[in-house]
Amino acid sequence: MSAGVHTVAVIGAGKIGELMLSGLLRSGWPVDRLLATARRPARAEELTARYGVRVVDNLTAVDEAEVLAISVKPQDAAALLDEIGPKVPADKLVISLCAGLPSSFFSRRLPEGTPVVRVMTNTPALVDQAMTAISAGAHATGTHLALAEEMFKPLGATIRVPETQQDAVTALSGSGPAYFYLLVEAMTDAGILLGLPRQVAHDLIVQTAIGSAVMLRDSGEHPVKLREAVTSPAGTTISAIRELENHGVRAALLAALEAARDRARELAAQAE
Ligand SMILES: NC(=O)c1ccc[n+]([C@@H]2O[C@H](COP(=O)([O-])OP(=O)(O)OC[C@H]3O[C@@H](n4cnc5c(N)ncnc54)[C@H](OP(=O)(O)O)[C@@H]3O)[C@@H](O)[C@H]2O)c1
(Lines give C-alpha, C1' and ligand atoms only; values in the text may rest on other atoms or scores of the structure.)
Protein backbone atom coordinates (compact mmCIF):
# COMPACT_ATOMS: atom_id res chain seq x y z
CA MET A 1 0.00 0.00 0.00
CA SER A 2 1.51 3.35 -1.02
CA ALA A 3 0.66 6.86 0.21
CA GLY A 4 -1.93 8.68 -1.92
CA VAL A 5 -5.65 9.07 -1.85
CA HIS A 6 -7.28 5.87 -0.70
CA THR A 7 -10.87 5.16 0.15
CA VAL A 8 -11.15 5.65 3.89
CA ALA A 9 -14.07 4.29 5.89
CA VAL A 10 -14.75 5.86 9.26
CA ILE A 11 -16.31 3.00 11.21
CA GLY A 12 -18.51 4.37 14.01
CA ALA A 13 -18.65 8.01 12.97
CA GLY A 14 -19.50 9.73 16.27
CA LYS A 15 -17.76 12.86 17.60
CA ILE A 16 -14.17 11.87 16.76
CA GLY A 17 -15.13 10.09 13.53
CA GLU A 18 -16.97 13.20 12.39
CA LEU A 19 -13.94 15.38 13.19
CA MET A 20 -11.91 13.12 10.96
CA LEU A 21 -14.45 13.17 8.12
CA SER A 22 -14.82 16.95 8.20
CA GLY A 23 -11.06 17.48 8.43
CA LEU A 24 -10.34 15.21 5.49
CA LEU A 25 -12.99 17.01 3.43
CA ARG A 26 -11.56 20.44 4.38
CA SER A 27 -8.15 19.21 3.23
CA GLY A 28 -9.57 18.31 -0.17
CA TRP A 29 -9.97 14.55 0.28
CA PRO A 30 -12.56 13.62 -2.40
CA VAL A 31 -15.94 12.83 -0.87
CA ASP A 32 -16.24 9.78 -3.13
CA ARG A 33 -13.12 8.41 -1.38
CA LEU A 34 -14.82 8.56 2.02
CA LEU A 35 -17.32 6.22 3.62
CA ALA A 36 -18.85 6.27 7.07
CA THR A 37 -20.75 3.81 9.20
CA ALA A 38 -23.16 4.52 12.05
CA ARG A 39 -25.31 2.46 14.39
CA ARG A 40 -28.47 4.60 14.24
CA PRO A 41 -30.27 5.53 10.99
CA ALA A 42 -30.79 9.11 12.27
CA ARG A 43 -27.02 9.51 12.69
CA ALA A 44 -26.43 8.11 9.19
CA GLU A 45 -28.86 10.65 7.71
CA GLU A 46 -27.22 13.46 9.66
CA LEU A 47 -23.77 12.58 8.30
CA THR A 48 -24.96 12.39 4.71
CA ALA A 49 -26.87 15.67 5.01
CA ARG A 50 -23.91 17.46 6.59
CA TYR A 51 -21.05 16.12 4.43
CA GLY A 52 -22.58 14.36 1.44
CA VAL A 53 -20.66 11.27 2.55
CA ARG A 54 -22.01 7.82 1.74
CA VAL A 55 -23.01 5.95 4.88
CA VAL A 56 -22.92 2.19 4.47
CA ASP A 57 -23.06 -0.86 6.74
CA ASN A 58 -19.86 -2.07 8.36
CA LEU A 59 -19.31 -5.01 6.02
CA THR A 60 -19.75 -2.86 2.89
CA ALA A 61 -17.19 -0.45 4.34
CA VAL A 62 -14.75 -3.34 4.89
CA ASP A 63 -15.32 -4.44 1.34
CA GLU A 64 -14.95 -1.06 -0.39
CA ALA A 65 -12.38 0.88 1.64
CA GLU A 66 -8.61 0.36 1.72
CA VAL A 67 -8.29 2.08 5.11
CA LEU A 68 -10.60 1.34 8.04
CA ALA A 69 -10.53 4.05 10.70
CA ILE A 70 -12.20 2.60 13.79
CA SER A 71 -13.70 5.30 16.00
CA VAL A 72 -16.22 3.48 18.19
CA LYS A 73 -16.06 3.75 21.99
CA PRO A 74 -13.54 1.26 23.45
CA GLN A 75 -16.37 -0.71 25.08
CA ASP A 76 -18.03 -1.19 21.64
CA ALA A 77 -14.85 -2.33 19.87
CA ALA A 78 -15.07 -6.06 20.70
CA ALA A 79 -18.62 -6.37 19.31
CA LEU A 80 -17.60 -4.47 16.19
CA LEU A 81 -14.55 -6.69 15.67
CA ASP A 82 -16.70 -9.81 16.18
CA GLU A 83 -18.75 -8.56 13.24
CA ILE A 84 -16.05 -7.36 10.85
CA GLY A 85 -12.78 -8.93 12.08
CA PRO A 86 -12.89 -12.21 10.18
CA LYS A 87 -14.03 -10.40 6.99
CA VAL A 88 -11.15 -7.88 6.83
CA PRO A 89 -8.68 -8.86 4.09
CA ALA A 90 -5.14 -8.74 5.49
CA ASP A 91 -4.06 -6.04 2.98
CA LYS A 92 -6.37 -3.38 4.48
CA LEU A 93 -4.91 -0.86 6.88
CA VAL A 94 -6.74 -0.67 10.21
CA ILE A 95 -6.34 2.61 12.08
CA SER A 96 -7.66 2.64 15.63
CA LEU A 97 -8.69 5.91 17.24
CA CYS A 98 -9.93 4.14 20.37
CA ALA A 99 -8.50 5.44 23.64
CA GLY A 100 -6.63 2.84 25.67
CA LEU A 101 -6.98 -0.14 23.34
CA PRO A 102 -3.61 -1.58 22.37
CA SER A 103 -3.08 -2.48 18.73
CA SER A 104 -2.82 -6.13 19.88
CA PHE A 105 -6.54 -5.93 20.80
CA PHE A 106 -7.23 -5.49 17.09
CA SER A 107 -4.52 -7.82 15.78
CA ARG A 108 -5.94 -10.70 17.82
CA ARG A 109 -9.30 -10.18 16.14
CA LEU A 110 -8.04 -9.60 12.58
CA PRO A 111 -6.53 -11.99 10.05
CA GLU A 112 -2.81 -12.64 10.58
CA GLY A 113 -0.71 -9.98 8.87
CA THR A 114 -3.27 -7.13 8.93
CA PRO A 115 -1.40 -3.86 9.57
CA VAL A 116 -2.68 -1.87 12.55
CA VAL A 117 -1.84 1.75 13.38
CA ARG A 118 -2.91 3.26 16.71
CA VAL A 119 -3.76 6.95 16.72
CA MET A 120 -4.69 9.38 19.48
CA THR A 121 -6.01 12.70 18.26
CA ASN A 122 -7.98 15.41 20.08
CA THR A 123 -10.98 17.67 19.56
CA PRO A 124 -9.13 20.80 18.31
CA ALA A 125 -9.12 18.80 15.05
CA LEU A 126 -12.33 20.76 14.51
CA VAL A 127 -10.26 23.92 13.94
CA ASP A 128 -7.29 22.16 12.29
CA GLN A 129 -5.26 22.41 15.53
CA ALA A 130 -5.31 18.78 16.64
CA MET A 131 -2.40 17.03 18.26
CA THR A 132 -2.29 13.53 16.82
CA ALA A 133 0.10 10.85 18.04
CA ILE A 134 0.64 7.90 15.71
CA SER A 135 2.10 4.49 16.60
CA ALA A 136 2.87 1.42 14.54
CA GLY A 137 1.19 -1.76 15.72
CA ALA A 138 1.81 -5.23 14.34
CA HIS A 139 2.66 -5.41 10.63
CA ALA A 140 2.50 -1.62 10.18
CA THR A 141 5.35 -0.38 7.99
CA GLY A 142 6.74 3.11 7.42
CA THR A 143 4.37 3.42 4.46
CA HIS A 144 1.36 2.75 6.69
CA LEU A 145 2.55 5.35 9.20
CA ALA A 146 3.09 7.84 6.35
CA LEU A 147 -0.43 7.20 5.14
CA ALA A 148 -1.86 7.77 8.63
CA GLU A 149 0.18 11.00 8.84
CA GLU A 150 -1.14 12.12 5.48
CA MET A 151 -4.68 11.68 6.80
CA PHE A 152 -4.14 13.48 10.12
CA LYS A 153 -1.70 16.26 9.09
CA PRO A 154 -4.50 18.46 7.67
CA LEU A 155 -6.13 18.33 11.14
CA GLY A 156 -3.12 19.82 12.95
CA ALA A 157 0.23 18.56 14.19
CA THR A 158 1.29 14.92 14.17
CA ILE A 159 3.98 13.05 16.06
CA ARG A 160 5.16 9.45 15.94
CA VAL A 161 5.49 7.75 19.34
CA PRO A 162 6.18 4.17 20.40
CA GLU A 163 2.92 2.46 21.26
CA THR A 164 4.05 2.02 24.87
CA GLN A 165 3.62 5.81 25.26
CA GLN A 166 0.04 5.96 23.95
CA ASP A 167 -1.73 5.73 27.34
CA ALA A 168 0.32 8.71 28.53
CA VAL A 169 -0.50 10.55 25.29
CA THR A 170 -4.19 9.83 25.88
CA ALA A 171 -3.96 11.36 29.36
CA LEU A 172 -1.96 14.38 28.20
CA SER A 173 -3.20 15.50 24.77
CA GLY A 174 -6.25 13.26 24.20
CA SER A 175 -7.99 14.56 27.32
CA GLY A 176 -5.88 17.74 27.43
CA PRO A 177 -8.39 20.16 25.87
CA ALA A 178 -10.74 19.46 28.81
CA TYR A 179 -8.11 20.58 31.33
CA PHE A 180 -7.62 23.89 29.51
CA TYR A 181 -11.38 24.45 29.28
CA LEU A 182 -11.68 23.82 33.02
CA LEU A 183 -8.91 26.31 33.66
CA VAL A 184 -10.58 28.94 31.45
CA GLU A 185 -13.91 28.35 33.20
CA ALA A 186 -12.30 28.73 36.64
CA MET A 187 -10.36 31.85 35.62
CA THR A 188 -13.52 33.39 34.18
CA ASP A 189 -15.19 32.80 37.57
CA ALA A 190 -12.19 34.44 39.22
CA GLY A 191 -12.65 37.48 36.96
CA ILE A 192 -16.29 37.66 38.02
CA LEU A 193 -15.21 37.44 41.67
CA LEU A 194 -13.00 40.46 41.00
CA GLY A 195 -15.97 42.36 39.59
CA LEU A 196 -15.60 41.92 35.82
CA PRO A 197 -18.64 41.23 33.63
CA ARG A 198 -18.69 37.54 32.55
CA GLN A 199 -18.16 38.29 28.85
CA VAL A 200 -15.25 40.62 29.54
CA ALA A 201 -13.61 38.03 31.83
CA HIS A 202 -14.17 35.32 29.18
CA ASP A 203 -12.70 37.43 26.35
CA LEU A 204 -9.69 38.43 28.44
CA ILE A 205 -8.81 34.89 29.39
CA VAL A 206 -9.46 33.27 26.01
CA GLN A 207 -7.17 35.75 24.23
CA THR A 208 -4.60 35.35 27.01
CA ALA A 209 -4.72 31.58 26.51
CA ILE A 210 -4.28 31.95 22.74
CA GLY A 211 -1.42 34.44 23.13
CA SER A 212 0.35 32.26 25.69
CA ALA A 213 -0.05 29.15 23.53
CA VAL A 214 1.33 30.89 20.43
CA MET A 215 4.30 32.21 22.44
CA LEU A 216 4.98 28.73 23.81
CA ARG A 217 4.89 27.28 20.31
CA ASP A 218 6.74 30.02 18.42
CA SER A 219 9.32 31.47 20.83
CA GLY A 220 11.16 28.22 21.48
CA GLU A 221 11.55 29.39 25.10
CA HIS A 222 11.11 27.13 28.11
CA PRO A 223 7.79 27.79 29.91
CA VAL A 224 9.71 28.72 33.08
CA LYS A 225 11.46 31.54 31.18
CA LEU A 226 8.17 32.81 29.78
CA ARG A 227 6.62 32.73 33.26
CA GLU A 228 9.60 34.53 34.78
CA ALA A 229 9.14 37.34 32.27
CA VAL A 230 5.68 38.00 33.78
CA THR A 231 6.83 37.57 37.40
CA SER A 232 8.45 40.73 38.70
CA PRO A 233 9.94 40.90 42.23
CA ALA A 234 7.29 41.52 44.90
CA GLY A 235 4.75 41.92 42.08
CA THR A 236 1.23 40.70 41.52
CA THR A 237 2.02 37.50 39.62
CA ILE A 238 4.23 36.01 42.32
CA SER A 239 1.43 36.56 44.87
CA ALA A 240 -0.89 34.53 42.65
CA ILE A 241 1.74 31.84 42.06
CA ARG A 242 2.28 31.43 45.80
CA GLU A 243 -1.45 30.65 46.11
CA LEU A 244 -1.33 28.18 43.21
CA GLU A 245 1.59 26.39 44.87
CA ASN A 246 -0.16 26.53 48.30
CA HIS A 247 -3.18 24.84 46.76
CA GLY A 248 -1.08 22.13 45.14
CA VAL A 249 -2.03 22.87 41.53
CA ARG A 250 1.16 21.24 40.21
CA ALA A 251 0.62 18.12 42.35
CA ALA A 252 -3.04 18.03 41.32
CA LEU A 253 -2.02 17.94 37.66
CA LEU A 254 0.46 15.13 38.25
CA ALA A 255 -2.22 13.11 40.06
CA ALA A 256 -4.90 13.98 37.47
CA LEU A 257 -2.85 12.75 34.54
CA GLU A 258 -1.94 9.57 36.36
CA ALA A 259 -5.67 8.99 36.96
CA ALA A 260 -6.43 9.53 33.25
CA ARG A 261 -3.63 7.12 32.25
CA ASP A 262 -4.97 4.50 34.71
CA ARG A 263 -8.51 4.95 33.38
CA ALA A 264 -7.23 4.32 29.82
CA ARG A 265 -5.74 1.04 31.07
CA GLU A 266 -8.99 0.13 32.87
CA LEU A 267 -11.06 0.78 29.73
CA ALA A 268 -8.74 -1.46 27.74
CA ALA A 269 -9.07 -4.25 30.34
CA GLN A 270 -12.87 -3.93 30.33
CA ALA A 271 -13.00 -4.02 26.52
CA GLU A 272 -11.26 -7.43 26.39
N1 LIG B 1 -14.06 12.56 22.36
C2 LIG B 1 -12.75 12.78 22.46
O3 LIG B 1 -12.25 13.86 22.83
C4 LIG B 1 -11.77 11.69 22.09
C5 LIG B 1 -10.42 12.03 21.98
C6 LIG B 1 -9.52 11.04 21.57
C7 LIG B 1 -9.97 9.76 21.29
N8 LIG B 1 -11.29 9.43 21.42
C9 LIG B 1 -11.69 8.06 21.12
O10 LIG B 1 -12.52 8.08 19.98
C11 LIG B 1 -13.47 7.03 20.05
C12 LIG B 1 -14.85 7.60 19.79
O13 LIG B 1 -15.16 8.54 20.80
P14 LIG B 1 -16.36 9.57 20.57
O15 LIG B 1 -16.26 10.57 21.65
O16 LIG B 1 -16.35 10.00 19.12
O17 LIG B 1 -17.61 8.57 20.82
P18 LIG B 1 -19.05 8.61 20.13
O19 LIG B 1 -19.42 10.02 19.82
O20 LIG B 1 -19.95 7.78 20.97
O21 LIG B 1 -18.81 7.88 18.73
C22 LIG B 1 -18.81 6.50 18.54
C23 LIG B 1 -19.83 6.19 17.44
O24 LIG B 1 -19.70 4.81 17.08
C25 LIG B 1 -21.01 4.31 16.84
N26 LIG B 1 -20.97 2.83 16.94
C27 LIG B 1 -20.80 2.07 18.04
N28 LIG B 1 -20.79 0.76 17.71
C29 LIG B 1 -20.95 0.71 16.36
C30 LIG B 1 -21.01 -0.35 15.43
N31 LIG B 1 -20.91 -1.63 15.79
N32 LIG B 1 -21.16 -0.04 14.12
C33 LIG B 1 -21.26 1.25 13.71
N34 LIG B 1 -21.22 2.31 14.55
C35 LIG B 1 -21.05 2.03 15.86
C36 LIG B 1 -21.84 4.96 17.92
O37 LIG B 1 -23.19 4.87 17.63
P38 LIG B 1 -24.33 5.39 18.69
O39 LIG B 1 -24.50 6.82 18.30
O40 LIG B 1 -25.49 4.52 18.43
O41 LIG B 1 -23.76 5.21 20.08
C42 LIG B 1 -21.28 6.38 17.91
O43 LIG B 1 -21.93 7.18 16.92
C44 LIG B 1 -13.36 6.42 21.43
O45 LIG B 1 -12.74 5.16 21.34
C46 LIG B 1 -12.54 7.40 22.20
O47 LIG B 1 -11.73 6.74 23.13
C48 LIG B 1 -12.20 10.39 21.79
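Excluded from the calculations below are hydrogen atoms, water molecules and symmetry mates; all remaining heavy atoms, backbone and side chain alike, are included. Residues take their numbers from the sequence shown, with the count starting at 1. In each ligand, atom 1 is the first atom listed, and ligand 1 is the first ligand listed.
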So for ligand 1, is Ala38 a polar contact partner (N or O within less than 3.5 Å, distance only)?
no
For Thr121, take its heavy atoms, then give the atoms of ligand 1 lying under 4.0 Å from any of them.
5 (C), 6 (C)
Are any of the side-chain nitrogens in Lys92 or Glu66 under 4.0 Å away from the carboxylate oxygens of its partner?
no
Checking Glu45 now: which residues fulfil side-chain hydrogen bond (donor to acceptor under 3.5 Å, both in side chains) with it, not counting sequence neighbours?
none
Please list the nearest protein heavy atom to atom 25 (C) of ligand 1 with its residue and the distance rounded to 0.1 Å.
Gly12 CA, 3.8 Å
If you measure from CG on Leu145 to CZ on Arg160, what distance do you get to the nearest 0.5 Å?
4.5 Å
With heavy atoms only and a cut-off of under 4.0 Å, state how Glu18 meets ligand 1: side chain, backbone, both or neither.
neither
With heavy atoms only and a cut-off of under 4.0 Å, state how Asn58 meets ligand 1: side chain, backbone, both or neither.
side chain
Check whether any N or O atom of Arg40, backbone or side chain, sits under 3.5 Å from an N or O atom of ligand 1, and answer yes or no.
yes
May I ask you to check whether Asp203 and Gln199 show a side-chain donor-acceptor distance below 3.5 Å?
yes
Looking only at distances, can you tell me whether any N or O atom of Thr123, backbone or side chain, sits closer than 3.5 Å to an N or O atom of ligand 1?
no
Which bit of Leu97 is near ligand 1, meaning a heavy atom under 4.0 Å away: side chain, backbone, both or neither?
backbone
Quick one: does Leu97's side chain get under 4.5 Å of Phe152's, heavy atoms only?
yes
Between Asp76 and ligand 1, which part of the residue brings a heavy atom under 4.0 Å of the ligand: side chain, backbone, both or neither?
side chain
Check residues 161-169 and write down every donor-acceptor pair under 3.5 Å in which the side-chain atom is one partner and the other belongs to a residue at least two apart or another chain.
{"unit_1": "Glu163", "atom_1": "OE1", "unit_2": "Ser103", "atom_2": "OG", "d": "2.6"}
{"unit_1": "Glu163", "atom_1": "OE2", "unit_2": "Ser103", "atom_2": "N", "d": "2.6"}
{"unit_1": "Glu163", "atom_1": "OE2", "unit_2": "Ser103", "atom_2": "OG", "d": "3.4"}
{"unit_1": "Glu163", "atom_1": "OE2", "unit_2": "Arg118", "atom_2": "NH1", "d": "3.1"}
{"unit_1": "Gln166", "atom_1": "NE2", "unit_2": "Arg118", "atom_2": "O", "d": "3.3"}
{"unit_1": "Gln166", "atom_1": "NE2", "unit_2": "Ala133", "atom_2": "O", "d": "3.2"}
{"unit_1": "Gln166", "atom_1": "NE2", "unit_2": "Ser135", "atom_2": "OG", "d": "2.9"}
{"unit_1": "Asp167", "atom_1": "OD1", "unit_2": "Arg118", "atom_2": "NH2", "d": "3.0"}

